[in-house]
Amino acid sequence: MLPKVCHIYRAGSKSTSELKKEARSVDADFILLCVDESVPHLYPMSVDRMIKVADSVSASIVYSDYRLISDDSVETVVLIECSDGGVLRDDFDYGPVLLVRRSCFVEALGKCDADYRYCALYAAILIMSCSGKLPFHISETLYEIKKTDNRSAEQKMFDYVDSVKELRQRECESAVTLYLGMINALVGVNDEPVVLSGDFPVEASVIIPVRNRVSTIADAVNSALAQTTDFDFNVIVVDNHSSDGTTEYLRSVSDSRLVHIIPDELHLGIGGCWNRALQDARCGRYAVQLDSDDKYSTDATLQRIVDCFHEGGAAMVVGSYMLTDFDGNEIPPGLIAHREWTRENGPNNLLRVNGMGAPRAFATEIARRYPMPDVSYGEDYAMAIRISRSYRIDRIYDCLYLCRRWKGNSDSALSRDKINVNNRYKDMLRTIELNARRKK
């Protein structure tokens with residue numbers, strides 16, 4: 001005879017104390033957590049299947065794929081496996097239904113260090129994973145649910161910036177810090193200023209990797225060359241074998257500060273292009289990011305970033321950006337400042353978030369020690385989490401950068417499959433870094 005199962009609805013919006021009270025009151029070995037307000041339609045024997053899998057693999061949590069039903073379509077939602085790095089991510093998608101072992105759930109809720117209002121479920125899942133038993137993904141479609149949010153993934157990307165989500169960010173930081181301490185992976189901030197010993201031809205280089213951006217590259221290059229500074233700088237454009245006129249435009253620029261590089265390799269990712277620029281003898285003491293379809297917000301951006309390096313001796317500096325349309329007009333949600341980052345706990349908090357802001361800038365001497373992976377997504381995040389383990393990263397919360405949203409963006413209108421690929425990759429990066437920190 002299978003154990004009894006009870007339901008807790010709207011589990012994702014309940015506090016730690018509310019979940020604890022409900023979990024303690026149920027008479028069941030397992031609890032089916034319905035995360036949001038939607039009520040799932042469970043297929044015949046699906047709960048039995050979840051319980052049998054949970055017992056077979058000794059899992060405290062299992063989740064499965066599902067079908068999303070709208071008025072005119074049916075979409076099968078395929079989720080990804082939860083890794084050591086994935087469980088850290090506070091937006092990991094387990095779907096709207098999870099089966100949890102009641103005893104483990106109650107124990108985890110009791111170990112929470114606060115009565116979380118906005119991230120109680122996230123905190124409990126982290127603590128339940130401390131034993132090494134991660135949530136287990138069943139690659140089967142076990143239920144269906146009606147679609148209630150018709151926004152695209154791109155529209156949902158910045159949900160966290162509203163005022164309530166900011167409070168949730170703070171709670172998630174507290175929860176992940178508790179978890180990292182439990183698994184002996186917490187790191188402190190190295191406040192020692194970085195001592196840079198190398199000689200560099202200029203104080204700073206703006207790095208622009210580009211491939212086939214003829215409609216935007218001139219704006220980016222002009223924005224970089226227009227910077228007003230009290231030091232020498234150059235602009236290194238790594239032209240990844242463009243075929244749309246980008247190369248011809250770059251060759252036409254007569255400013256001696258523009259360094260135009262065409263790599264010998266034919267198939268570099270953005271990370272590979274960055275490495276080519278960083279290793280170039282013409283690269284400056286500090287390397288500052290500018291994407292080929294974006295612009296700096298003012299002609300003082302580069303000075304602000306280098307001043308921050310000089311004042312604090314950080315190994316990396318990250319600014320804040322404004323979302324705009326192609327013409328530079330502000331669009332919602334506006335300024336993205338990533339204020340969840342604090343100097344005191346930034347290296348630990350960075351392991352739960354997918355990004356940290358822009359523009360990103362590196363002390364070249366340090367960046368050369370940790371080459372970026374040769375990919376076109378997550379390459380800068382890989383370097384940031386590695387640098388944060390050993391060095392300080394400073395932040396500028398004022399707008400330094402205009403991030404232009406248009407149909408040609410590489411992250412525009414991503415499919416669910418592509419989002420899964422991206423998330424899986426960053427989760428792998430987190431897993432690598434987490435294991436390195438546990439050994440330290």
Side-chain angles (χ1 to χ4, degrees), residues 1-70 73-83 86-87 89-112 119-149 416 420:
M1 182 176 178
L2 289 169
K4 288 186 294 183
V5 175
C6 292
H7 293 66
I8 293 181
Y9 292 99
R10 300 182 67 249
S13 62
K14 293 183 177 179
S15 68
T16 302
S17 58
E18 289 170 331
L19 287 176
K20 190 185 301 183
K21 181 179 179 180
E22 291 195 42
R24 284 176 172 172
S25 67
V26 301
D27 179 22
D29 293 332
F30 289 90
I31 300 172
L32 201 67
L33 298 177
C34 302
V35 176
D36 55 30
E37 296 182 359
S38 302
V39 178
H41 172 67
L42 299 163
Y43 295 150
M45 303 303 294
S46 59
V47 175
D48 294 354
R49 176 61 171 160
M50 289 182 180
I51 291 173
K52 287 178 179 177
V53 170
D55 284 339
S56 295
V57 300
S58 300
S60 300
I61 307 170
V62 296
Y63 62 103
S64 76
D65 301 337
Y66 63 99
R67 290 188 176 92
L68 195 58
I69 312 297
S70 63
S73 67
V74 177
E75 176 189 1
T76 298
V77 179
V78 178
L79 304 175
I80 65 174
E81 295 73 24
C82 185
S83 61
V87 77
R89 179 158 53 88
D90 67 89
D91 65 350
F92 189 92
D93 187 4
Y94 300 102
V97 173
L98 298 89
L99 183 83
V100 301
R101 201 176 294 272
R102 177 189 172 276
S103 59
C104 298
F105 190 50
V106 171
E107 181 181 3
L109 290 167
K111 290 182 178 178
C112 287
C119 76
L121 187 55
Y122 169 64
I125 291 173
L126 283 174
I127 295 173
M128 291 171 73
S129 304
C130 283
S131 63
K133 289 294 182 180
L134 297 171
F136 187 85
H137 175 224
I138 303 174
S139 299
E140 298 164 11
T141 307
L142 297 183
Y143 62 94
E144 62 186 45
I145 200 161
K146 288 187 177 180
K147 187 175 185 179
T148 57
D149 189 345
R416 191 181 297 274
N420 282 347

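Because only heavy atoms are used, hydrogens play no part in the values below, and waters and symmetry mates are left out as well, while side chains stay in. Worth saying up front: this structure is predicted, and the values here are computed from it rather than measured.
The structure places NE2 of His137 at 7.0 Å from OG of Ser64, a figure rounded to the nearest 0.5 Å. Note: Cys104 SG to Ile125 CD1 = 13.0 Å, rounded to the nearest 0.5 Å. Note that the NZ atom of Lys4 and the CD1 atom of Ile51 stand 12.0 Å from one another [nearest 0.5 Å]. Here the NZ atom belonging to Lys133 is positioned 12.5 Å from the CD1 atom belonging to Ile61, to the nearest 0.5 angstrom.
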Item to check | Stepwise side-chain contact (heavy atoms from CB on, under 4.5 Å) check, Ile31 with Glu22 | outcome: CA-CA 10 Å; Ile31 300 172; Glu22 291 195 42; over 6 Å; no

Checklist entry - Could you walk me through whether Glu140 and Ser46 pass the side-chain contact (heavy atoms from CB on, under 4.5 Å) check? => result CA-CA 10 Å; Glu140 298 164 11; Ser46 59; over 6 Å; no

Checklist entry - Passes side-chain contact (heavy atoms from CB on, under 4.5 Å), Leu32 versus Leu42? Steps please. => result CA-CA 11 Å; Leu32 201 67; Leu42 299 163; 3.5 Å; yes

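The aromatic rings of Phe92 and Tyr94 sit tilted, their planes meeting at an angle between 30° and 60°.
No donor-acceptor pair under 3.5 Å is formed between the side chain of Lys147 and the backbone N or O of Val74. Arg102 contributes a side-chain N or O that, together with a main-chain N or O of Arg24, makes up a donor-acceptor pair within less than 3.5 Å. A donor-acceptor pair under 3.5 Å is absent between the side-chain atoms of Arg416 and the main chain of Val78, judged by distance alone.
Ring centers of His41 and Tyr143: at least 6.0 Å apart, outside the cut-off.
For Ser15, the side chain to side chain donor-acceptor pair (under 3.5 Å) partners two or more places apart in sequence, or in a different chain, are Ser17, Glu18.
In this structure, Asp55 pairs ionically with Arg101, as a charged nitrogen and a carboxylate oxygen lie closer than 4.0 Å.
Two residues are said to be in side-chain contact when any heavy atoms from C-beta on lie closer than 4.5 Å; Tyr122 and Asp91 fail this criterion. In this structure, the side chains of Val53 and Phe136 come closer than 4.5 Å at one or more pairs of heavy atoms.
Contact between Ser83 and Leu134 at its shortest, heavy atoms only, is C-CD1, 3.4 Å.
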